Amino acid sequence: HHDAYFLVADWNALAVSGHAPHEIEQYSWAMVIDCLACGVNPKVATLFIQSWVPELTDVHMILASVTPKAWLERLPSYREMVAGLGEQQGASLAMLGAPLMQAADILALRGQVVPAGPEQRAHIEFTREVARRFNHLYGNVFPEPQAHLTRAPRLPGTDGRKMSKSYRNEIRLSDDPERIKKKIMPMVTDPARARRNDPGNPEVCPVFDLHKVFTGEKGREWVVEGCTTAGIGCADCKNHLLERMLPRMEPVSARRREFQQDPGRVKMVLQEGSTQARSIARQTMDEVRQAMKIKY
Ligand code: SF4
């Protein structure tokens, strides 16, 4: 059992995304509403907005003073980001520092376990290195967090690539059943299964990644058996997925509509959560100042 924290990383969005600043608010509300609709219960979990907890920025500043620039430059996410930028547009300082900002969020709240996708692992390892470096220099303040991979750590888009609005391959929590069906049925599958009689491998199929989220163990065994022996077709497999997926998605979209109509309630959840997160981050900052002998 762990206390759970969910943060809306609006400062990170400002640092790394191509969004115009005025769009961040809209995305922030949508993300929180999605979390609440999916069943994150604010009575037991803390939801908050990064920029509403200024102590996180303090911790970021402190960690920046002990983190070599080269550690950030060698992170694969940064290299990819720079490669994706146009010729004239160099990386900003905030972009380079974004993973450290994430590390500061985790460390300021004394995070012990961080649910992460495979591509986030390098960031968690980096966070551990930063914590070790600080602890080595000034004394034991930060616990080293562990990455935790879930059963389905990767949820690809309908074309098998990373799910992203800019690829237009996303399945939205707001999609109605008809729409979801229209997206699932033509979904990319194991390319080796070109014909109905070709056996396939679920482990390389993005449809099976969705099965890992929505289908129980028995159902998944049925898929593996049917796919690898060409006993079932991909349409059967997708229909099986839809039968499990749609009943799970419907209450989520109903709750989403409910929260959308009650922005006051959502805001209150975030205000309370941010107050809670602040009290912890403030305590951490206090210990940091003590350890560094800059408590004046
Ligand atoms: Fe993918 Fe299912 Fe087709 Fe196998 S049967 S390739 S798991 S869609």
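Values in this document were obtained by computation on a predicted structure and should not be read as measured data.
The distance from atom CG of Leu210 to atom CZ of Arg244, rounded to the nearest 0.5 Å, is 14.0 Å. How far CD1 of Ile294 is from OG of Ser65: 8.0 Å, rounded to the nearest 0.5 Å. Rounded to the nearest 0.5 Å, atoms SG (Cys237) and CD1 (Ile232) are 4.5 Å apart.
A side-chain donor-acceptor contact under 3.5 Å links Gln102 and Gln120. In this structure, a donor-acceptor pair under 3.5 Å is present between the side chains of Arg110 and Thr284. A donor-acceptor pair shorter than 3.5 Å cannot be found between the side chains of Asp190 and Asn201. A donor-acceptor contact under 3.5 angstrom links the side chains of Asp10 and Ser51, judged on distance only.
No salt bridge links Arg282 with Asp58; every basic N to acidic carboxylate O contact stays at or beyond 4.0 Å. Under a 4.0 Å N-O distance rule, the pair Arg74/Glu129 qualifies as a salt bridge. Between Lys212 and Glu203, at least one side-chain N (NZ, or NE/NH1/NH2) sits under 4.0 Å from a carboxylate O, which counts as a salt bridge. For Glu125 and Arg121, the salt-bridge test fails: no basic side-chain N is under 4.0 Å from an acidic carboxylate O. Salt bridge Arg179/Asp176: absent, no basic N to carboxylate O contact under 4.0 Å.
Note that Arg161 lies in the cation-pi zone of Tyr167, set by a 6.0 Å cut-off to the ring centre and a 45° limit from the axis. Cation-pi contact between Arg289 and Tyr296: present, with separation from the ring centre below 6.0 Å and deviation from the ring axis of at most 45°.
Under the 4.5 Å side-chain heavy-atom criterion for grouping Ile, Leu, Val, Met, Phe, Trp and Tyr, Met185 is connected to Met245 within one hydrophobic cluster. A continuous path of hydrophobic side-chain contacts links Val213 to Ile184 [ILVMFWY only; heavy atoms under 4.5 Å]. Cluster annotation: Leu107 and Tyr138 are assigned to the same hydrophobic cluster (Ile/Leu/Val/Met/Phe/Trp/Tyr, side-chain heavy-atom contacts under 4.5 Å, transitive).
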Note to self: Please evaluate residues His211 and His240 with respect to the criterion side-chain contact (heavy atoms from CB on, under 4.5 Å), reporting the C-alpha separation (whole Å), side-chain torsions for both, the decisive distance (0.1 Å), and the verdict.
What the structure shows: CA-CA 9 Å; His211 274 296; His240 190 85; 3.9 Å; yes
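Gly160 approaches Pro206 most closely through the heavy-atom pair CA-CG, 3.8 Å. When every heavy atom of Pro68 is checked against every heavy atom of Arg133, the shortest pair comes out as CG-NH2, 4.0 Å.
Contact of the Phe134 side chain with the Thr67 side chain is not registered, since no non-hydrogen atoms from C-beta on lie closer than 4.5 Å. The shortest side-chain heavy-atom distance between Arg278 and Phe48 does not fall under the 4.5 Å cut-off. Considering only heavy atoms from C-beta on, Asp105 comes within 4.5 Å of Leu7 through its side chain. At least one side-chain heavy atom of Tyr27 sits under 4.5 Å from a side-chain heavy atom of Lys165.
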